[in-house]
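Structure first, commentary second.
Any value given below was found using the heavy atoms of this structure, including those in side chains, with hydrogens, waters and symmetry copies removed. Order of appearance sets the numbers: ligands from 1, and atoms from 1 within every ligand. This one's a predicted model, so the numbers in the text were calculated from it and none came from an experiment.
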Amino acid sequence: MRDPVKQLATRWVGRPTHVHESVDSTNDLLAALAASGAPAGTTVVATHQTAGRGRRNRRWLAPPATALLFSVLFRPHWPALQAHWLTMLAGLAMIRAVETHSPLQLGLKWPNDLMLYDAKGPTPQWCKTGGILLETTLSADHLQQAILGIGLNVNIPRQHLPSGPTPATSLLAAGGKALDRPSLLAQILLELETLYERADAGQSPQPAWDSRLITRNHPVRVSDDNHVLEGIALGSDKWGRLLVRDAQGAVHHIAAGDVTLRS
Ligand code: BT5
């Protein structure tokens, strides 16, 4: 990928940025750099990943040179409970950057999906166009290190989109126009720096994040390994847990799981 650093307007996020043709996972490479003392803001970008990961060791797939695949290192002195703010910041940074560079309107699906309404697909619907993988290290009950991994389907042609339980799309497939990946990356890193600094000063990203939640006031099914809960998604609480009202009227604060929209 053309050097994104030339266009970078940040002070510390993306400084330095390590650009690679092919890695196993940008999160893993950044974890190794972090272990040898890399500063906060260090970023790893890859044109291709051979072992890109989602949560719970799921695969993250993207054909070479069509997506943004990168990880950013943070060293926040935040309570562990606040970790989800980083996932929220990443979602908001992607939305702001994409909306600066294109007329596309994006949304969010709890806990880590960037969504795009794909009216050009076989079934017009909200589709996953980006995902976030946050991996943290704790010291007592505080965050010591956080690796924020971001995958964004920029120019993946429709026929090469991965299939999964949540339908996938790309900015190209839904918008009909290829975008410049280095410029988009530079913009995401800039938005991320601004949003992180606000959060670090105590300003929660949650209200802005909540306003983009596509499941708000919709019937949802939330599942983890052991439980399934059905109800109405009300939004998120200040720590980013999903609030779901069940049929009996009880409101559950969900910390982890997967959401599907019910019709
Ligand atoms: C995620 O996990 O959505 C987090 C994805 C994070 C990927 C980035 S890329 C840079 C960095 N380095 C890494 O190794 N990872 C991060 P999850 O919510 O568990 O969703 C994973 C599921 O999304 C998979 O099981 C597939 O069903 C689906 N999927 C895989 N690739 C996709 C894609 N390109 N677009 C949409 N959906 C995809």
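Sorted by chain and number, the residues within 4.0 Å of ligand 1 by heavy atom are Ser25, Thr26, Asn27, Gln49, Gly52, Arg53, Gly54, Arg55, Arg58, Arg59, Trp60, Leu61, Leu69, Phe70, Ser71, Asn112, Asp113, Lys128, Gly131, Ile132, Leu133, Gly149, Ile150, Gly151, Asn153, Pro162, Gly164, Pro165, Ala168.
Note on Leu213 and Ile132: same hydrophobic cluster, where clusters join Ile, Leu, Val, Met, Phe, Trp and Tyr whose side-chain heavy atoms are under 4.5 Å apart, directly or indirectly. Hydrophobic clustering places Leu92 together with Phe70 (ILVMFWY residues linked when any side-chain heavy atoms are closer than 4.5 Å, directly or through intermediates).
Between Trp12 and Tyr196, the ring planes are perpendicular. Angles over 60° get that label, and only those under 30° would be called parallel.
Looking at Arg96 and Glu193, no side-chain N of the basic residue comes within less than 4.0 Å of a carboxylate O on the acidic one, giving no salt bridge. With salt bridges taken as basic N to acidic carboxylate O contacts below 4.0 Å, none links Arg221 and Asp258.
Side-chain heavy-atom separations under 4.5 angstrom define the hydrophobic clusters, and Leu172 shares its cluster with no other residue.
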